[in-house]
Structures are given as C-alpha cells and as structure tokens.
There are 2 protein chains.
Amino acid sequence: MDMTESANPFALPRSCSHCRLGHLCLPRACSFQELGLLDTVIGYQPPYPPKQRIFSQGSPFHSCYVVKSGSVKTVYVNEQGEEKVLGFYLPSEMFGFEGIFQDSHTCSAIALERTTICHISFRNLEQLATQLPSLQHWMFRMMSHELNILEQLNRWLSQNCAEERIIGFLLDLSARQSARNLSPTRFRLTMNRSDIANFLGMALETVSRILARLQRDRLLDIRGREVIINDLATLNRFKSMDDNANDGLNRHLIGRG
Amino acid sequence: MDMTESANPFALPRSCSHCRLGHLCLPRACSFQELGLLDTVIGYQPPYPPKQRIFSQGSPFHSCYVVKSGSVKTVYVNEQGEEKVLGFYLPSEMFGFEGIFQDSHTCSAIALERTTICHISFRNLEQLATQLPSLQHWMFRMMSHELNILEQLNRWLSQNCAEERIIGFLLDLSARQSARNLSPTRFRLTMNRSDIANFLGMALETVSRILARLQRDRLLDIRGREVIINDLATLNRFKSMDDNANDGLNRHLIGRG
DNA sequence: CGCGCAGTTGAGAACACTCAAATACTGTGG
DNA sequence: CCACAGTATTTGAGTGTTCTCAACTGCGCG
C-alpha cells in the first residue's frame, strides 16, 4: 500500500496536478496556478468492484464523474424492466451530466470491472466556473462533445447495417485506446456480448456471428474478449463510409466517451 | 408593417422582455432586472424563406439559435453526400450548440417553412453567464436536456420497430404542440415523408405504409401533411412501452427539442 | 467434477428494404 | 383559371438482413 500512483493504478491520486490523465481531463482547462482549485471540487472513493453501481437511475444528481481506471457502462431501464445500454466510459472520460436537467440521474452507471472514479461536485464546479471562464468554456465544450458523440451514434445506429456498426464500435474503442497511448490493435473488451449487442441495437447472436465472420476474413482475431485487429486499414474503409467530423480530440468516433 | 408582435408572428421582437415564448426560453433563467441584459446578446434577422440555411456544416461557430416561429431541421451530410436528418426544432427550441466543441458546426440547419430565428452570440452569452450564475446553470440544463433527448432518441431508434417509432414521433410532436398551447391532436407536419423516414432511420415507403395502417385502424387521420389524432390514449399505450423519464418540461418525448 | 453463465452456431420466420409503377399534390406560366 | 411539369406520396411484389427459437460448446468457479 501507499505505492506511487504510477505503480498502482488504483491508488487514490493526491491531486489533479499529479494525475497522469490530466492532459485529457479537467486540468486541461486550467492554468498552472488554477490547478490547485480543482482539488477543492473533486473527491475520491475506494475502487468500485465489478457490477457495482456508481449512481442509480432516479437518484438525485450531485456530481459528475470521471473514470480514472477501469471502465463503466450506463444503462437505462424502462417500465417493463428492459435494459438499454447507453454507453461505455474509459479512463479520462466524464459521465453523469445527463442528470443536470432534471436534477436526478436518468440512467444508472455500473462498473464493468474494478474501477476507480473521480467524483466532481457539480455545485462546486459550477461555482468555480463562474470564476474561471476557461473552465466554464471547457464544460460547455465537454457537453457539446457529448452531443456530437450522441448525434454520431444516432447516425450510426439508423444508417448502418449490423456489420458496419460492429466495425465502428471496435474502431471507436481502438481510437480511444490510442488517445491514452495504448495499443490501437490489441485490447480487451470489458463488456460482454449482450452489452455490445444491446448498445448497438441488435441481437447478441448477430454480434457473435459477425465477429466470427470478421475473424474468418482475417480482419481481426477475437478469442473471448481479447481483440487483435489485423487489418485496421480495411476496417477503416468500411467505417469511413460515414465519418468525417468529430475527431477533434481523437476520441470516440462512435459510441461514448 | 409595424404591427404588434402578437398580430404578426414574423415581426421582429423588440426585446426578450416582450417575447411571448419567454416562459419556454432564456428569459426563464433571469430575474426581471436581468432581462434587459439578454437583449445585449441576442440579434434578430428577417425571416428565412423555406429551404434556406441558417448555418452550414463546417462553418465557424458563433451563435446558438432559437426558433421564434416556423420550424427547422438539422442535417448531416457524409462524404458520400448522403444526408442524415438529425432533428426538428419548433418555436422556443434552441439549436446550434453542437458547434461549441469544435468551434464549427457539425451539421447544417435548414428552415422547413418561413421561419424567424433569434441569434444568440455565444461569446457574449458565455460572458454574461459568468456574471449571472442562474443563466450559467440554465445553459448547463439546456445542454443536459439535449443530451437526455438524444439518449432517448437512441433508445427509441435501437429498440423499437418502425410502427412504434412513427407513433413516438407523432406523439412527440403532439406534446411539443401542447407545450406551446396548441392543439395536441391537430397539427400540420412541416417536413416531408422523406425527412421523417430519414430521421427515424427507415425507408420512406415504410412511413407511408404505416401511416396508412394507423389511419385504417382509425387511430388518426392524415391527409398529406395534416394530422388529426383520434385516439391519443391508444397511441400512448403503444408508446409508453418505453418512456418514463425526461418529461421535465413537458417537451420532446423523442426527437429533438 | 459439475453447475451455471457466456458465447457460438443452425434453421426458419418476419419485418423492413428495394425496385417499380401509379396516383396525388404544388406551383408556375400561359 | 387551367394545363402541365415536377415533386411528393401511395401502393404492390419480391428479396434480404436480422431476429427468434433452440441446441450445443466452452470456460470459470466452487
């Protein structure tokens, strides 16, 4: 215990100033002098174990959240009890501000694995934002970014066939890996087939079949949840049928931040 | 010319303080004393004729926009030149802040009929927001609202069959009519079948066929673009298969604000 | 070692799509 | 005011992607 942050990804960071993800996160909006102020709005919790909820649909909105390590899915449950997976969040990605509007969360957030989260008091963040115009602007940009991602996802889901959606999903994950300096061609899916299918609006059997086909065509290798992308170029050609915008921070081509 | 605002819906308003849509719009965020400040960030233009663009995909982002009268669609065009209709906007509804993130618009906005628009300088609005915390909060809420709408739309598009999507679309329009004190059961579609189909992610023939079926079942009457909803209760039963959130301001059940 | 969950594979059915043609509207000019 | 061109909408027939149901395999954990 008490290892340095870089040695133990689950260690609680002392401060935003020392966070390795700072270049992708709130500190980006602040000058060096302002960085200390961020720590006044951010809280830390011990890691969440797999399947644990960070917040629940309908619960009061107090905070936004940033994934520090691990991954998270957000889920909406309707009156019939049917689940809809709304998105997946990887380290440095922020979620929870869907709750601002109604002052309560419209979905639940659930850890997909052992996951560390920074909690950002929204009330305090808002107050700080009135004093730091660059922070205010950064927040508007983040929310606008989320809008862009959702619009792109809408396009994706309503215009593309099952195969294109799956390829887009994998390439999105790949790009988000890259943004964090991880391999864009080798990674582990932290969600199961059912979550992927639900997120992409198709049957889980379809996901399975299409992944098998892509593997047969040697475009990728997938064993369980381990993915190795063999032919990024060809896959990109499938995908680039649609995309030309929203690459501002080299994140989230489709899917969620 | 120079008629009072209520007599001529296309007359340029003198100020937000006198706008009939104030209870649904920015003035809602301001105290009486602050109302005057709003006028410093808002500009007016002569009405846009049908099919005219309010802004174009890729153009620099300067303003957000509110529909004062008429209606607007937003459209994304991909590399192949295929269009995707992203949303429809009715009076009091705000659009354009998808452009904040990249500082340029990621879609085009096009008037569907003769339409009056209020232009809100975003730079000025941001500056004003640092001085009026309630305005800042209102903006966060509006953007969060847009997120809610898009997430709901995502759910709708990926979980529901064609018939349910069309019913949801009509009921959404109906609810938005209500919010402006117009009849929820009789209204005119300002977009063509192709736009509806594109927005809902289906073929226009499917829209046509399903509307014919709903008419045959006496749930509604539709002649061209004139809609009369006969059996709101039954239609709602179809739709309420899914919804229980996002009714905060009694607007946009699906579709866009 | 076996139970349970996750994932794969197969067969048949259904919904929505495409192509094609007919009909109804809209706006314009004579 | 009517005729006409062009567009919008409806309707039909056949096809295809994806879904559902069902059985089977593999993996992890107690």
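No hydrogens, no waters, no symmetry mates; every other heavy atom, side chains included, goes into these values. All chains are named by letter (A, B, ...) in the order of the sequence lines, taking the proteins before the strands, and each is independently numbered beginning at 1.
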*Interatomic distance, A:Ile110 atom CD1 to A:Phe88 atom CZ [nearest 0.5 angstrom]*: 11.0 Å

Value in whole Å for how far the [atom2] atom of [N] lies from [atom1] of [X]:
X: B:Met191; N: D:dT9; atom1: CE; atom2: C1'; answer: 16 Å
X: B:Arg225; N: C:dA24; atom1: CZ; atom2: C1'; answer: 13 Å
X: B:Ile166; N: D:dT9; atom1: CD1; atom2: P; answer: 13 Å
X: B:Glu205; N: C:dA16; atom1: CD; atom2: C1'; answer: 10 Å

_Residue-level proximity of residues 206-219 of chain B to DNA chain C when a heavy atom falls under 4.0 Å_ = B:Thr206, B:Arg209

*How would you label the contact of A:Arg223 with the nucleic acid (heavy atoms, under 4.0 Å): base, sugar-phosphate, or nothing?*
nothing

*Options C:dA6, D:dT18, C:dC17, nucleotide nearest the side-chain atoms of A:Ala162*: D:dT18

*Which nucleotide sits closest to the side chain of A:Asn192: C:dA6, D:dC19, D:dT9?*
C:dA6

_Is the terminal nitrogen or CZ of A:Arg114 (NZ for Lys, CZ for Arg) located under 6.0 angstrom from the six-membered ring centre of A:Tyr48 and within 45° of that ring's axis?_
no

*Would a 4.5 Å heavy-atom cut-off, applied to side chains only, mark B:Val67 and B:Leu21 as touching?*
no

*Of B:Leu204 and A:Gly201, whose nearest nucleotide on DNA chain D comes first from the 5' end?*
B:Leu204

*asked:* Please confirm whether the ring centroid of B:Phe61 lies under 6.0 Å from the ring centroid of B:Phe97.
replied: no

*Which of these, B:Glu164, B:Gln159, B:Arg165, sits in a side chain to side chain contact (heavy atoms under 4.5 Å, CB included) with B:Cys161?*
B:Glu164

